[in-house]
Protein chains: 2
Amino acid sequence: MPRLAERLRRNSRKLTGPRQAILEILRQHPHPMSNKEIHSALPQGGGDLATVYRLMHLLEKSGMVKRFDLGDGVARFELIEEGDDGHHHHLICTRCSGVVEIEECVMGELEEKIAARNGFKAVTHRLEFFGICPDCQK
Amino acid sequence: MPRLAERLRRNSRKLTGPRQAILEILRQHPHPMSNKEIHSALPQGGGDLATVYRLMHLLEKSGMVKRFDLGDGVARFELIEEGDDGHHHHLICTRCSGVVEIEECVMGELEEKIAARNGFKAVTHRLEFFGICPDCQK
DNA sequence: GAACGAACTGCAAATCATTTGCAGTTCGTT
DNA sequence: AACGAACTGCAAATGATTTGCAGTTCGTTC
(Lines give C-alpha, C1' and ligand atoms only; values in the text may rest on other atoms or scores of the structure.)
Protein backbone atom coordinates (compact mmCIF):
# COMPACT_ATOMS: atom_id res chain seq x y z
CA MET A 1 0.00 0.00 0.00
CA PRO A 2 2.64 2.55 0.89
CA ARG A 3 4.49 1.37 -2.19
CA LEU A 4 1.74 2.43 -4.55
CA ALA A 5 1.44 5.76 -2.88
CA GLU A 6 5.14 6.28 -3.19
CA ARG A 7 5.14 5.40 -6.84
CA LEU A 8 2.48 8.00 -7.41
CA ARG A 9 4.41 10.63 -5.48
CA ARG A 10 7.51 9.84 -7.45
CA ASN A 11 5.72 11.30 -10.44
CA SER A 12 5.26 14.51 -8.48
CA ARG A 13 1.65 13.72 -7.93
CA LYS A 14 -0.64 14.13 -4.98
CA LEU A 15 -2.10 11.30 -3.03
CA THR A 16 -5.68 12.37 -2.48
CA GLY A 17 -8.62 10.53 -1.01
CA PRO A 18 -10.18 9.48 -4.30
CA ARG A 19 -6.81 8.31 -5.56
CA GLN A 20 -6.16 6.15 -2.55
CA ALA A 21 -9.57 4.58 -2.95
CA ILE A 22 -9.00 3.88 -6.64
CA LEU A 23 -5.55 2.40 -6.10
CA GLU A 24 -7.02 0.20 -3.39
CA ILE A 25 -9.71 -1.07 -5.77
CA LEU A 26 -7.13 -1.80 -8.44
CA ARG A 27 -4.98 -3.63 -5.98
CA GLN A 28 -7.83 -5.91 -5.05
CA HIS A 29 -8.59 -6.82 -8.64
CA PRO A 30 -6.17 -9.01 -10.56
CA HIS A 31 -8.23 -8.63 -13.72
CA PRO A 32 -8.70 -5.75 -16.12
CA MET A 33 -11.27 -3.25 -14.93
CA SER A 34 -13.09 -0.57 -16.84
CA ASN A 35 -13.37 2.97 -15.57
CA LYS A 36 -17.02 2.43 -14.86
CA GLU A 37 -16.34 -0.76 -12.92
CA ILE A 38 -13.71 0.99 -10.87
CA HIS A 39 -16.07 3.84 -10.24
CA SER A 40 -18.91 1.66 -9.01
CA ALA A 41 -16.55 -0.34 -6.83
CA LEU A 42 -15.69 2.87 -5.03
CA PRO A 43 -17.39 3.46 -1.67
CA GLN A 44 -20.31 5.86 -2.14
CA GLY A 45 -19.06 9.37 -2.59
CA GLY A 46 -15.64 7.91 -3.21
CA GLY A 47 -14.99 9.88 -6.35
CA ASP A 48 -16.35 11.09 -9.65
CA LEU A 49 -16.27 9.04 -12.86
CA ALA A 50 -14.28 11.82 -14.52
CA THR A 51 -11.77 11.59 -11.70
CA VAL A 52 -11.35 7.89 -12.39
CA TYR A 53 -10.75 8.59 -16.07
CA ARG A 54 -8.21 11.24 -15.24
CA LEU A 55 -6.34 9.12 -12.77
CA MET A 56 -6.17 6.15 -15.11
CA HIS A 57 -4.58 8.35 -17.76
CA LEU A 58 -2.09 9.54 -15.22
CA LEU A 59 -1.29 6.05 -13.98
CA GLU A 60 -0.90 4.85 -17.53
CA LYS A 61 1.55 7.62 -18.36
CA SER A 62 3.42 6.86 -15.16
CA GLY A 63 3.65 3.21 -16.07
CA MET A 64 1.65 2.07 -13.08
CA VAL A 65 -1.21 0.51 -14.99
CA LYS A 66 -1.49 -1.09 -18.39
CA ARG A 67 -4.39 -0.42 -20.70
CA PHE A 68 -6.09 -3.38 -22.34
CA ASP A 69 -8.50 -3.37 -25.21
CA LEU A 70 -10.68 -6.44 -24.95
CA GLY A 71 -12.56 -5.65 -28.10
CA ASP A 72 -15.79 -4.27 -26.67
CA GLY A 73 -15.02 -0.62 -27.04
CA VAL A 74 -14.28 -0.15 -23.35
CA ALA A 75 -10.79 0.48 -22.01
CA ARG A 76 -9.70 -1.67 -19.10
CA PHE A 77 -6.74 -1.39 -16.79
CA GLU A 78 -4.55 -3.55 -14.62
CA LEU A 79 -2.08 -2.46 -12.05
CA ILE A 80 1.42 -3.58 -12.99
CA GLU A 81 4.30 -4.47 -10.76
CA GLU A 82 7.18 -2.11 -10.47
CA GLY A 83 9.93 -2.93 -12.92
CA ASP A 84 7.56 -5.08 -14.90
CA ASP A 85 6.16 -3.86 -18.20
CA GLY A 86 2.88 -5.63 -17.60
CA HIS A 87 3.11 -7.43 -20.90
CA HIS A 88 0.72 -10.36 -21.02
CA HIS A 89 -2.46 -11.41 -22.72
CA HIS A 90 -5.99 -12.51 -21.96
CA LEU A 91 -8.41 -15.22 -22.91
CA ILE A 92 -11.88 -13.72 -22.88
CA CYS A 93 -15.17 -15.59 -22.90
CA THR A 94 -17.40 -14.10 -25.56
CA ARG A 95 -20.50 -15.22 -23.68
CA CYS A 96 -19.92 -14.15 -20.09
CA SER A 97 -16.94 -11.83 -20.56
CA GLY A 98 -14.94 -13.80 -18.03
CA VAL A 99 -11.19 -13.24 -18.28
CA VAL A 100 -8.26 -15.62 -17.87
CA GLU A 101 -4.76 -14.20 -17.71
CA ILE A 102 -2.26 -15.71 -20.11
CA GLU A 103 1.33 -15.24 -19.07
CA GLU A 104 2.89 -17.05 -21.98
CA CYS A 105 3.95 -14.98 -24.94
CA VAL A 106 5.69 -16.45 -27.95
CA MET A 107 5.68 -13.31 -30.01
CA GLY A 108 9.22 -12.16 -29.46
CA GLU A 109 10.78 -13.80 -32.45
CA LEU A 110 8.02 -13.11 -34.92
CA GLU A 111 7.85 -9.53 -33.75
CA GLU A 112 11.49 -8.94 -34.50
CA LYS A 113 11.21 -10.57 -37.87
CA ILE A 114 8.26 -8.40 -38.80
CA ALA A 115 9.95 -5.25 -37.53
CA ALA A 116 13.12 -5.94 -39.50
CA ARG A 117 11.34 -6.95 -42.65
CA ASN A 118 9.35 -3.73 -42.76
CA GLY A 119 11.93 -1.37 -41.37
CA PHE A 120 9.83 -0.52 -38.34
CA LYS A 121 11.34 0.41 -34.98
CA ALA A 122 10.01 0.02 -31.46
CA VAL A 123 7.57 -2.66 -32.45
CA THR A 124 5.18 -3.99 -29.87
CA HIS A 125 1.98 -5.94 -30.17
CA ARG A 126 -1.47 -6.34 -28.80
CA LEU A 127 -2.84 -9.88 -28.60
CA GLU A 128 -6.01 -11.22 -27.02
CA PHE A 129 -7.74 -14.56 -27.31
CA PHE A 130 -11.49 -15.05 -27.48
CA GLY A 131 -13.53 -18.18 -27.00
CA ILE A 132 -16.23 -19.86 -24.95
CA CYS A 133 -15.39 -20.77 -21.38
CA PRO A 134 -16.20 -24.13 -19.77
CA ASP A 135 -19.22 -22.82 -17.87
CA CYS A 136 -20.75 -21.18 -20.91
CA GLN A 137 -20.43 -24.36 -22.96
CA LYS A 138 -23.01 -26.14 -20.82
CA MET B 1 -17.70 -6.18 -59.65
CA PRO B 2 -20.61 -8.40 -60.50
CA ARG B 3 -19.18 -10.88 -58.05
CA LEU B 4 -19.55 -8.59 -55.10
CA ALA B 5 -23.07 -7.73 -56.11
CA GLU B 6 -23.91 -11.37 -56.38
CA ARG B 7 -22.49 -12.15 -52.98
CA LEU B 8 -24.69 -9.48 -51.51
CA ARG B 9 -27.75 -10.80 -53.29
CA ARG B 10 -26.99 -14.26 -52.07
CA ASN B 11 -27.77 -12.99 -48.61
CA SER B 12 -31.18 -11.94 -49.89
CA ARG B 13 -30.17 -8.37 -49.89
CA LYS B 14 -30.80 -5.52 -52.25
CA LEU B 15 -28.14 -3.91 -54.36
CA THR B 16 -28.92 -0.24 -54.05
CA GLY B 17 -27.04 2.81 -55.27
CA PRO B 18 -25.33 3.61 -51.98
CA ARG B 19 -24.34 -0.02 -51.57
CA GLN B 20 -22.73 -0.23 -54.97
CA ALA B 21 -20.77 2.92 -54.22
CA ILE B 22 -19.58 1.59 -50.87
CA LEU B 23 -18.56 -1.78 -52.28
CA GLU B 24 -16.64 0.02 -54.99
CA ILE B 25 -14.76 2.09 -52.42
CA LEU B 26 -13.90 -1.01 -50.42
CA ARG B 27 -12.70 -2.76 -53.49
CA GLN B 28 -10.30 0.04 -54.27
CA HIS B 29 -8.79 0.02 -50.81
CA PRO B 30 -6.62 -2.90 -49.78
CA HIS B 31 -6.28 -1.46 -46.27
CA PRO B 32 -8.69 -1.26 -43.36
CA MET B 33 -11.07 1.67 -43.65
CA SER B 34 -13.23 3.27 -41.00
CA ASN B 35 -16.87 4.06 -41.58
CA LYS B 36 -16.07 7.72 -41.71
CA GLU B 37 -13.31 7.20 -44.25
CA ILE B 38 -15.60 5.17 -46.41
CA HIS B 39 -18.26 7.81 -46.10
CA SER B 40 -16.01 10.65 -47.15
CA ALA B 41 -14.62 8.63 -50.05
CA LEU B 42 -18.14 8.38 -51.39
CA PRO B 43 -19.06 10.72 -54.26
CA GLN B 44 -21.02 13.67 -52.86
CA GLY B 45 -24.55 12.62 -52.06
CA GLY B 46 -23.39 9.03 -52.32
CA GLY B 47 -24.91 7.93 -49.05
CA ASP B 48 -25.46 8.71 -45.40
CA LEU B 49 -22.97 7.85 -42.65
CA ALA B 50 -25.66 5.78 -40.94
CA THR B 51 -26.10 3.87 -44.15
CA VAL B 52 -22.41 3.06 -44.19
CA TYR B 53 -22.59 1.82 -40.61
CA ARG B 54 -25.60 -0.32 -41.44
CA LEU B 55 -24.07 -1.83 -44.53
CA MET B 56 -20.82 -2.65 -42.79
CA HIS B 57 -22.73 -4.56 -40.15
CA LEU B 58 -24.54 -6.42 -42.85
CA LEU B 59 -21.39 -7.21 -44.78
CA GLU B 60 -19.71 -8.36 -41.61
CA LYS B 61 -22.57 -10.71 -40.79
CA SER B 62 -22.50 -11.98 -44.35
CA GLY B 63 -18.79 -12.65 -44.10
CA MET B 64 -17.91 -10.21 -46.85
CA VAL B 65 -15.80 -7.90 -44.75
CA LYS B 66 -13.69 -8.39 -41.66
CA ARG B 67 -13.70 -5.96 -38.79
CA PHE B 68 -10.36 -4.83 -37.39
CA ASP B 69 -9.67 -3.02 -34.20
CA LEU B 70 -6.46 -1.07 -34.57
CA GLY B 71 -6.58 0.23 -31.05
CA ASP B 72 -7.80 3.77 -31.62
CA GLY B 73 -11.42 3.21 -30.76
CA VAL B 74 -12.53 3.22 -34.39
CA ALA B 75 -13.72 0.11 -36.21
CA ARG B 76 -12.16 -0.55 -39.60
CA PHE B 77 -13.09 -2.98 -42.32
CA GLU B 78 -11.51 -4.85 -45.17
CA LEU B 79 -13.23 -6.70 -47.94
CA ILE B 80 -12.36 -10.37 -47.82
CA GLU B 81 -12.11 -12.83 -50.64
CA GLU B 82 -14.77 -15.41 -51.06
CA GLY B 83 -13.90 -18.63 -49.28
CA ASP B 84 -11.25 -16.85 -47.27
CA ASP B 85 -11.80 -16.04 -43.63
CA GLY B 86 -9.81 -12.85 -43.91
CA HIS B 87 -7.59 -13.83 -41.03
CA HIS B 88 -4.44 -11.74 -41.00
CA HIS B 89 -2.79 -9.03 -39.00
CA HIS B 90 -1.45 -5.51 -39.34
CA LEU B 91 1.62 -3.52 -38.51
CA ILE B 92 0.52 0.00 -37.68
CA CYS B 93 2.71 3.09 -37.44
CA THR B 94 1.91 4.88 -34.21
CA ARG B 95 3.03 8.19 -35.71
CA CYS B 96 1.35 8.37 -39.09
CA SER B 97 -1.18 5.53 -38.73
CA GLY B 98 0.15 3.88 -41.88
CA VAL B 99 -0.75 0.22 -42.16
CA VAL B 100 1.20 -2.76 -43.48
CA GLU B 101 -0.60 -6.06 -43.97
CA ILE B 102 1.00 -9.08 -42.32
CA GLU B 103 -0.01 -12.39 -43.83
CA GLU B 104 2.05 -14.58 -41.59
CA CYS B 105 0.35 -15.99 -38.54
CA VAL B 106 2.07 -18.35 -36.14
CA MET B 107 -0.69 -18.44 -33.60
CA GLY B 108 -2.29 -21.74 -34.49
CA GLU B 109 -0.35 -23.95 -32.13
CA LEU B 110 -0.32 -21.61 -29.17
CA GLU B 111 -3.99 -20.95 -29.63
CA GLU B 112 -4.85 -24.61 -29.37
CA LYS B 113 -2.65 -25.05 -26.36
CA ILE B 114 -4.31 -22.16 -24.59
CA ALA B 115 -7.77 -23.36 -25.51
CA ALA B 116 -7.12 -26.87 -24.24
CA ARG B 117 -5.40 -25.74 -21.09
CA ASN B 118 -8.31 -23.55 -20.06
CA GLY B 119 -11.14 -25.66 -21.37
CA PHE B 120 -12.26 -23.01 -23.83
CA LYS B 121 -13.88 -23.81 -27.16
CA ALA B 122 -13.98 -21.94 -30.45
CA VAL B 123 -10.91 -19.92 -29.57
CA THR B 124 -9.77 -17.21 -31.95
CA HIS B 125 -7.45 -14.29 -31.48
CA ARG B 126 -6.92 -10.69 -32.32
CA LEU B 127 -3.33 -9.58 -32.94
CA GLU B 128 -1.90 -6.32 -34.20
CA PHE B 129 1.61 -4.94 -34.23
CA PHE B 130 2.51 -1.34 -33.52
CA GLY B 131 5.73 0.51 -34.20
CA ILE B 132 7.34 3.41 -36.02
CA CYS B 133 7.57 3.17 -39.79
CA PRO B 134 10.69 4.00 -41.81
CA ASP B 135 9.41 7.41 -42.91
CA CYS B 136 8.46 8.48 -39.41
CA GLN B 137 11.89 7.54 -38.05
CA LYS B 138 13.58 10.31 -40.00
C1' DG C 1 0.92 25.21 12.09
C1' DA C 2 -0.64 29.00 9.04
C1' DA C 3 -0.24 30.36 4.33
C1' DC C 4 0.30 29.56 -0.65
C1' DG C 5 0.14 27.69 -5.21
C1' DA C 6 -0.08 23.73 -7.92
C1' DA C 7 -2.58 19.84 -8.36
C1' DC C 8 -6.94 17.87 -7.88
C1' DT C 9 -12.02 17.40 -7.65
C1' DG C 10 -17.03 17.41 -8.71
C1' DC C 11 -20.32 18.69 -11.94
C1' DA C 12 -22.11 19.80 -16.16
C1' DA C 13 -21.47 20.39 -20.84
C1' DA C 14 -18.95 18.93 -25.01
C1' DT C 15 -17.00 15.25 -28.15
C1' DC C 16 -16.88 11.18 -30.81
C1' DA C 17 -18.12 6.80 -32.51
C1' DT C 18 -22.01 4.26 -33.13
C1' DT C 19 -26.98 3.08 -32.97
C1' DT C 20 -31.82 3.74 -33.60
C1' DG C 21 -36.68 5.56 -34.68
C1' DC C 22 -39.31 7.01 -38.33
C1' DA C 23 -41.41 8.41 -42.42
C1' DG C 24 -40.50 8.37 -47.14
C1' DT C 25 -38.02 5.73 -51.21
C1' DT C 26 -36.41 1.92 -53.99
C1' DC C 27 -35.50 -2.79 -55.45
C1' DG C 28 -36.86 -7.42 -56.89
C1' DT C 29 -40.64 -9.92 -57.55
C1' DT C 30 -45.37 -10.95 -58.57
C1' DA D 1 -47.85 -1.78 -63.09
C1' DA D 2 -48.29 -2.99 -58.36
C1' DC D 3 -46.70 -4.55 -53.79
C1' DG D 4 -44.13 -5.40 -49.70
C1' DA D 5 -39.79 -6.02 -47.76
C1' DA D 6 -35.56 -3.73 -47.66
C1' DC D 7 -33.34 0.30 -47.63
C1' DT D 8 -32.38 5.31 -47.02
C1' DG D 9 -31.73 10.03 -45.14
C1' DC D 10 -32.18 12.72 -41.19
C1' DA D 11 -32.38 13.69 -36.63
C1' DA D 12 -32.36 12.24 -32.10
C1' DA D 13 -30.55 8.80 -28.67
C1' DT D 14 -26.61 6.14 -26.62
C1' DG D 15 -22.39 5.26 -24.43
C1' DA D 16 -17.62 6.00 -23.66
C1' DT D 17 -14.54 9.48 -22.88
C1' DT D 18 -12.95 14.30 -22.51
C1' DT D 19 -12.97 19.00 -21.03
C1' DG D 20 -14.03 23.76 -18.91
C1' DC D 21 -14.50 25.82 -14.73
C1' DA D 22 -14.99 27.26 -10.13
C1' DG D 23 -14.17 25.54 -5.71
C1' DT D 24 -11.13 22.21 -2.67
C1' DT D 25 -7.08 19.84 -0.93
C1' DC D 26 -2.32 18.33 -0.61
C1' DG D 27 2.68 19.09 0.09
C1' DT D 28 5.74 22.50 0.86
C1' DT D 29 7.44 26.74 2.58
C1' DC D 30 8.22 30.12 6.19
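Not measured: the values here are computed from a predicted model. So you know, we letter chains A, B, ... as the sequences are listed, proteins then strands, and number each from 1.
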Exercise. Where the side chain of B/N118 meets the backbone of B/F120, is there a donor-acceptor pair that is under 3.5 Å apart?
Worked result: no
For this session: Can you tell me the distance, in whole Å, between the CE atom of A/M56 and the P atom of C/dT9?
Result: 13 Å
Would you tabulate the pairs of protein nitrogen or oxygen atoms and nucleotide nitrogen or oxygen atoms of nucleotides 20-22 of chain C closer than 3.5 angstrom?
residue : atom : partner : partner atom : Å
C/dG21  : O6   : B/R54   : NH1          : 3.2

Problem set entry | Single-linkage hydrophobic cluster A/L59~A/M33, side-chain heavy atoms < 4.5 angstrom | yes
For this session: Measure from the side-chain N and O atoms of B/R19 to the backbone N and O of B/L55, and report whether any donor-acceptor pair falls under 3.5 Å.
Result: no
When you compare the protein's N or O atoms with those of nucleotides 28-30 of chain D, which come within less than 3.5 Å of each other, and at what distance?
none

Exercise. Does the side chain of B/R19 get closer than 4.0 angstrom to OP1 or OP2 of D/dA6 through an N or O atom?
Worked result: no
Exercise. Is the number of heavy atoms from other residues, nucleotides or ligands within 6.0 Å of CZ (A/R95) greater than 12?
Worked result: no
Problem set entry | Atom pair CZ (B/F77) and NE2 (B/H29), whose distance is rounded to the nearest 0.5 Å | 15.0 Å
Exercise. How does each nucleotide of nucleotides 24-29 of chain C score, in 5' to 3' order, for protein heavy atoms under 4.0 Å: base (B), sugar-phosphate only (S), or none (-)?
Worked result: --BBS-
Exercise. Got a sec, which residues hit side-chain hydrogen bond (donor to acceptor under 3.5 Å, both in side chains) with A/Q28, two or more places apart in sequence or on another chain?
Worked result: A/E24
Exercise. Got a donor-acceptor contact below 3.5 angstrom from the A/E128 side chain to the A/D69 backbone?
Worked result: no
Exercise. Listed by chain and number, what are the side-chain hydrogen bond (donor to acceptor under 3.5 Å, both in side chains) partners of B/N11, not counting sequence neighbours?
Worked result: none
Exercise. Which pair of non-hydrogen atoms, one from B/L15 and one from B/A5, has the smallest distance, and what is that distance?
Worked result: CD2-CB, 3.5 Å
Exercise. Tell me: CG of B/L49 to C1' of D/dC10, nearest whole Å?
Worked result: 12 Å
Problem set entry | For A/E78, all residues meeting side-chain hydrogen bond (donor to acceptor under 3.5 Å, both in side chains), sequence neighbours excluded | A/H88, A/H90
For this session: Mind calculating the distance between CG (B/L8) and C1' (D/dA5) to the nearest angstrom?
Result: 16 Å
For this session: Return the residues of residues 33-45 of chain A meeting this criterion: a heavy atom under 4.0 Å from some atom of DNA chain D. Order them by number, or give none.
Result: A/N35, A/K36
For this session: Among residues two or more places apart or on two chains, list those pairs meeting salt bridge (Lys or Arg N to Asp or Glu O under 4.0 Å) that have a residue in residues 39-64 of chain A.
Result: A/E60-A/R67
For this session: Under the side-chain hydrogen bond (donor to acceptor under 3.5 Å, both in side chains) rule, collect the residues that match up with A/H87, sequence neighbours excluded.
Result: A/H89, A/H125
Exercise. Whole Å only: how far is the CD atom of A/E6 from the P atom of D/dG27?
Worked result: 13 Å
For this session: Check step by step if side chain to side chain contact (heavy atoms under 4.5 Å, CB included) holds for B/F129 and B/V100.
Result: CA-CA 10 Å; B/F129 296 91; B/V100 177; over 6 Å; no
Exercise. Do B/H39 side-chain atoms and B/G47 backbone N/O form a donor-acceptor pair below 3.5 Å?
Worked result: yes
For this session: Report the distance from atom OG1 of B/T94 to atom NZ of A/K121, rounding to the nearest 0.5 Å.
Result: 14.0 Å
For this session: Pull out every residue in residues 62-77 of chain A that has a heavy atom closer than 4.0 Å to any atom of DNA chain D, ordered by number, or say none.
Result: A/G73, A/V74, A/A75
Problem set entry | A/M56 and A/L26: CA distance, side-chain angles, deciding distance, side chain to side chain contact (heavy atoms under 4.5 Å, CB included) verdict | CA-CA 10 Å; A/M56 297 321 284; A/L26 286 173; 3.8 Å; yes
Exercise. Looking only at heavy atoms, which two atoms of A/L70 and A/P32 are closest? And how far apart?
Worked result: CD2-CG, 4.0 Å
Problem set entry | salt bridge (Lys or Arg N to Asp or Glu O under 4.0 Å) pairs, two or more places apart, involving residues 106-115 of chain B | A/E104-B/K113
For this session: Find the distance B/H57:NE2 to D/dT8:C1' and express it as a whole number of Å.
Result: 16 Å
Exercise. Stems in DNA chain D: runs of 3 or more consecutive Watson-Crick or G-U pairs, distances under 3.5 Å?
Worked result: C:1-13 with D:18-30, C:15-30 with D:1-16
